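Here the structure is a predicted model, which is why all the values come from computation and not from measurement.
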Amino acid sequence: LSNGHKWLSCPRGVAILYCPNADLRSTILRTPSVVSHGIDDEHSAFNRFVWDGCRDYTAALAVPVVLDAWEAANPTMIRQWMGSKLIDAVRIIAE
């Protein structure tokens, strides 16, 4: 579980959950912690997880655009640039 606004520059309120374990995905993670009106729809994860009340889902809807932007921006180059800025900042602080 990670904050999307920290690591992907997504709007606040976006989080990413990655679970490589198929057993966990099919048991514990199959049902959301907040129960929505679509909980009985076994064929649609969308209905079970998305509409749990009167929330603003704008941040979550921005995720595909943010991921496309990261892919187009060459993340390796961005990470190298950020690393160089970190080294510069450490040097300034150490002076």
Side-chain angles (χ1 to χ4, degrees):
L1 182 61
S2 182
N3 290 320
H5 72 274
K6 287 184 181 179
W7 304 110
L8 297 174
S9 301
C10 287
R12 287 191 176 270
V14 172
I16 306 295
L17 174 63
Y18 173 73
C19 179
N21 186 314
D23 291 333
L24 286 178
R25 285 195 310 267
S26 65
T27 56
I28 296 171
L29 297 177
R30 186 164 167 28
T31 305
S33 58
V34 177
V35 177
S36 77
H37 72 278
I39 193 68
D40 294 326
D41 187 355
E42 293 185 19
H43 303 291
S44 175
F46 181 80
N47 284 340
R48 285 197 311 269
F49 285 89
V50 172
W51 307 115
D52 62 346
C54 298
R55 293 188 184 192
D56 179 4
Y57 292 97
T58 308
L61 294 173
V63 172
V65 175
V66 171
L67 294 176
D68 288 345
W70 270 105
E71 188 174 325
N74 189 353
T76 302
M77 187 178 71
I78 292 172
R79 285 187 197 103
Q80 290 172 347
W81 178 81
M82 292 170 70
S84 71
K85 294 297 149 194
L86 174 63
I87 291 169
D88 293 345
V90 168
R91 188 174 303 123
I92 290 169
I93 292 171
E95 292 177 352

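Residues Val66 and Cys10 approach most closely at CG1-SG, 3.6 Å, considering heavy atoms. For Ala59 against Val14, the heavy-atom pair with the smallest separation is O-CG2, 3.3 Å. Closest heavy-atom contact between Pro64 and Ala60: CD-O, 4.0 Å.
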What pairs of donor and acceptor atoms, side-chain ones from residues 81-92 against any protein atom, are under 3.5 angstrom apart with sequence neighbours left out?
unit_1, atom_1, unit_2, atom_2, d
Ser84, OG, Trp81, O, 2.7
Asp88, OD1, Arg91, NH1, 3.3

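For Leu67, the side-chain contact (heavy atoms from CB on, under 4.5 Å) partners two or more places apart in sequence, or in a different chain, are Leu8, Val63.
Although no hydrogens or angles enter the test, the distance criterion places no donor-acceptor pair under 3.5 Å between the side chain of Asn3 and the main chain of His5.
Summarising the geometry, atom CD1 belonging to Ile16 is positioned 13.0 Å from atom CH2 belonging to Trp7; distances are rounded to the nearest 0.5 Å.
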